[in-house]
Engineer: 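For reference, the structure I am asking about is given below.
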There are 2 protein chains.
Amino acid sequence: MELHEPELREVPVTAVLAALADDVRLQIVRALAEGGEYACGTFEFGVSKATRSHHLKVLREAGLTRTRVAGTSRCVRLRREELDRLYPGLLDAVLTAPAHS
Amino acid sequence: MELHEPELREVPVTAVLAALADDVRLQIVRALAEGGEYACGTFEFGVSKATRSHHLKVLREAGLTRTRVAGTSRCVRLRREELDRLYPGLLDAVLTAPAHS
DNA sequence: ACCCATGTTCGACTTTCATCGAACAAGCTC
DNA sequence: GAGCTTGTTCGATGAAAGTCGAACATGGGT
């Protein structure tokens, strides 16, 4: 299993923004911002595991997360430092934004 | 003609991000960030005027721009102060991001 | 070895969205 | 007022994206 984790600067800004412009993914990012590393299975956001897997793939390929393989599980974490370096203020702005509207 | 310009805090963050997650709209926002106020017709981004009108509507309804009616023309400007207040760092991060990838 | 748990991938379906031309509305200009 | 300019709105169309169940892959546990 090869995990495609692009260099952040090779990802179009629009892709990063698009990855964040989804309710489910934003919840995932918020959760990741709290704890350090999450097992994929700990996410329960009212979507099927297929959908969850899809969203985590989008986040990963947008350069937002890094995934570590641990047996049959995956451990996901935010690429916070890199993101803050390339897009200073972006994550903070999104995370401190009011959760509902 | 009534222009729907929502309160920024009533717009979901995802809507703001989605509005920015498009190449054409990002170009418009970049242009608006440079000059103060733009007549709608000055935008030429290789799309038809119908498409341009659509994108400006998306930006306006996401709370990103304010539009002033001037005869048959529209003058558009960024709601920079409000955006910086509610989402500090967001616009800067997006604007200073490398234009291509 | 068998079973189970965890994720991924594969269609399929539905919704959303970007795009356009054409029709329409509204205001200048002469 | 006739005509031009500027934008908006209206389908229509094609592409992208979210969602799911089912099938598959893989690794751990007993």
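Chain naming here is simple, since letters A, B, ... match the order of the sequence lines and numbering starts at 1 in each.
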Engineer: In this structure, how many angstroms lie between the P atom of D/dT6 and the CG atom of B/L56, rounded?
Structural biologist: 15 Å

Engineer: Check the pair B/L26, A/T14 against side-chain contact (heavy atoms from CB on, under 4.5 Å), reporting the backbone distance first and the verdict last.
Structural biologist: CA-CA 8 Å; B/L26 201 50; A/T14 48; 3.8 Å; yes

Engineer: If you take all heavy atoms of B/T65 and B/L56, which pair is closest and at what distance?
Structural biologist: OG1-O, 4.3 Å

Engineer: Check side-chain contact (heavy atoms from CB on, under 4.5 Å) between B/T51 and all other residues, then give those that pass, not counting sequence neighbours.
Structural biologist: B/V47, B/S48, B/H55

Engineer: To the nearest angstrom, how far is B/L59 atom CG from D/dG7 atom P?
Structural biologist: 15 Å

Engineer: Ignoring the backbone of B/S53, work out which of C/dT8, D/dT8, D/dC20 is nearest its side chain.
Structural biologist: D/dT8

Engineer: Output the rounded distance in Å from NZ (A/K57) to P (D/dT19).
Structural biologist: 16 Å

Engineer: From C/dT19, C/dG7, D/dT8, pick the nucleotide closest to the side chain of A/R52?
Structural biologist: C/dG7

Engineer: Shorter than 3.5 Å, N or O on both sides, protein versus nucleotides 14-18 of chain D: list them out with atom names.
Structural biologist:
unit_1: D/dG18; atom_1: OP1; unit_2: A/R25; atom_2: NH1; d: 3.2
unit_1: D/dG18; atom_1: OP1; unit_2: A/R25; atom_2: NH2; d: 2.8
unit_1: D/dG18; atom_1: OP2; unit_2: A/H54; atom_2: NE2; d: 3.1

Engineer: Output the rounded distance in Å from CZ (A/R74) to P (D/dG28).
Structural biologist: 11 Å

Engineer: Could you give the distance from CZ (B/F45) to CG (B/D23), rounded to the nearest 0.5 Å?
Structural biologist: 11.5 Å

Engineer: Looking only at non-hydrogen atoms, find the nearest pair between A/L32 and A/R77 and report the distance.
Structural biologist: CD2-CA, 4.3 Å

Engineer: With rounding to the nearest 0.5 Å, note down the distance linking CD in A/E81 to CG in A/L91.
Structural biologist: 10.0 Å

Engineer: Sugar-phosphate means primed atoms, P, OP1 and OP2; the rest is base. With that split, encode nucleotides 22-30 of chain C 5' to 3' as B, S or - using protein heavy atoms under 4.0 Å.
Structural biologist: -----BS--

